[in-house]
2 protein chains.
Amino acid sequence: MFDEIDIHILEILQEKARIPNAEVARQVGMAPSAVLERIRKLEERGIIEGYEVRLNPACFHQGLSAFVQVETDGTDAQTAAALAAISSVQEVHQVVGPDGFLVKLRTADHTTLAKILRQIRPLPGVRSIRTQVVLETVKETRRVDLAEHNGNGRHS
Amino acid sequence: MFDEIDIHILEILQEKARIPNAEVARQVGMAPSAVLERIRKLEERGIIEGYEVRLNPACFHQGLSAFVQVETDGTDAQTAAALAAISSVQEVHQVVGPDGFLVKLRTADHTTLAKILRQIRPLPGVRSIRTQVVLETVKETRRVDLAEHNGNGRHS
DNA sequence: TGACAATATGAATAAAATTCGCACCAAAAG
DNA sequence: CTTTTGGTGCGAATTTTATTCATATTGTCA
C-alpha cells in the first residue's frame, strides 16, 4: 500500500502538517514534484483523510471533558444519530456489551455539562446514563505509530 | 482574545488546514499579509496549537478501538505515565470517581488488544480494569464549535 | 530482451509566502 | 483638543514554493 518514503512523508506531516512541500522534499531527499505526486496519491487512496488545525479547547470555553456511558434498549441507529447531533458531543462509539454507547463530550463547565446530560437522558432508546467527568487529561493524541510500518518496528 | 475575522480564519483552517494562506485571505476578503499576521498571532498566543494530518487508521493496522476503565489505588502519577507510554494508547484521562483512569486504545485486532490489556493489568497502582470494545464509531471529531464565538451563536 | 507501468528528475512558469514601509484608526497621554 | 502610541491593514517588491510537463530511470513480466 505504501513504502518507506511514504511513511517518512507521513511522519513529517504528522508532526507539522502545514510546512511547505518543498521542505518535506528536502527532508526526504527528493525532488519537490515527486513528493507532491506521492502526497496526492496518498490523498486519493484515502490514506490521508485531510488536514486539521489543532485548537486549544480552553480558549473556546471547552475546558471540561466528560465521558457518558449510554445504556440503550435496542433503538440504536436513532439514538446514535441523536447523540451525534449534539454539538458538544465529540465522539459516539457503539460498544460491545450492555452499555450501548460511549460518548465523549466537551463543554465549558459543569453547568453546561448538566444541561447536555438533561438533553441526553430523554433521547429515544436511552435507558440510563452514567457520567465520568475528566479531572485531567494526561495524554490525548491521534497519531498513528508509523514506526511499525517502517521496518524498524518496535511494538508498544 | 479574538474577533470575528479570527473566528472566520479558524473556521476555514478547521475545514482544510493545508489550503494556501492566499486562499484564506480571499475567503475573508483581506490582504494575504494581514491574514498571515493574524494566523501567526493565533499561533503565538497558543490558540492554534498546531496542524495535523488526519490518517485513515484502517490503513495502518489500527482498525480496532477500545476503552479501558482502569481502577487504581492512589499511585496515580506513575500509573498515568505508564499508561501514556504505551504506543497503542491514544488517550489517558484521569476521571472523578472510583475508576482512576479512562484509557482509549487503538489496535490492529483482538489479539493485539489482549496483549495490551495483559500489559496494563500488572502496572503499578492498577487494581482492576474493565474493557469496552468499540463495535462502530458513529462520530469522532475534534472540531470546536466556533459559531458560538461568532455572534450567531446557537448552542448544542 | 523488450514492452509497459510507475515513478523520479529538472527546468520553466504560475502562484504563494514573506518582508517591509506606509497609512489608518482608536485609545491613552499630554 | 492635539499628540503620541500601539495595533492593524495594505500593497509593492522579493524570495520561495507549487505545479506542470517533457524526459529519464527503474523494475516487472512475458
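Here is how names work: the chains are called A, B, and so on, in the same order as the sequence lines, proteins then strands, and each is numbered from 1.
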Ranking D:dT8, D:dA18, C:dT7 by distance to the side chain of A:R38, first place goes to C:dT7
Report yes if some heavy atom in the side chain of A:K115 is under 4.5 Å from a heavy atom in the side chain of A:H110; otherwise report no. no
Whole-Å distance, B:E4 CD to D:dT8 P, equals 15 Å
Before you tell me yes or no, could you show the steps for A:S128 and A:E71 under side chain to side chain donor-acceptor pair (under 3.5 Å), namely the whole-Å CA-CA distance, both residues' side-chain angles and the distance that decides it to 0.1 Å? CA-CA 5 Å; A:S128 70; A:E71 195 184 346; 2.9 Å; yes
Between C:dG10, C:dT19, D:dG9, spot the one nearest the side chain of B:S33, thanks. C:dT19
A quick test of your reading: do over 12 heavy atoms of other residues, nucleotides or ligands sit less than 6.0 Å from CD of B:E49? yes
Please work out if B:R40 contacts a base, only the sugar-phosphate, or nothing of the nucleic acid, heavy-atom cut-off 4.0 Å. sugar-phosphate
Expressed in angstrom and rounded to an integer, what is the separation of A:I39 atom CD1 from C:dT7 atom P? 15 Å
Does B:Q78, at its CD atom, have more than 12 non-hydrogen atoms belonging to other residues, nucleotides or ligands within less than 6.0 Å? no
Looking at A:K41, I'd like to know whether one of its side-chain N or O atoms comes within less than 4.0 Å of OP1 or OP2 on C:dT7. yes
From C-beta outward on B:P20, which listed nucleotide comes closest to its side chain: D:dG9, C:dA16, D:dA18? C:dA16
In whole Å, what is the span from the CG atom of B:L36 to the C1' atom of C:dA16? 10 Å
Using whole Å, what does the distance between atom C1' of nucleotide D:dG9 and atom CD1 of B:I5 come to? 9 Å
Looking for any heavy atom pair under 4.0 Å, which part of the strands does A:R26 touch: base, sugar-phosphate only, or nothing? sugar-phosphate
Between B:I9 (CD1) and D:dG9 (P), how many Å, whole number? 8 Å
Between atom CZ in A:F2 and atom P in C:dA6, what is the gap in whole Å? 19 Å
How long is the line joining CD of B:E23 and P of D:dT19, in whole Å? 12 Å
Please classify the nucleic acid contact of A:A34 as base, sugar-phosphate, or nothing, using heavy-atom distances under 4.0 Å. base
Quick one: B:N21 CG to D:dT16 C1', roughly how many Å, whole number? 14 Å
Give the nucleotide from the list C:dA8, D:dT20, D:dG9 with an atom nearest to the side chain of B:M30. D:dG9
Between A:R106 and A:S88, do the side chains contain an N or O donor and an N or O acceptor separated by less than 3.5 Å? no
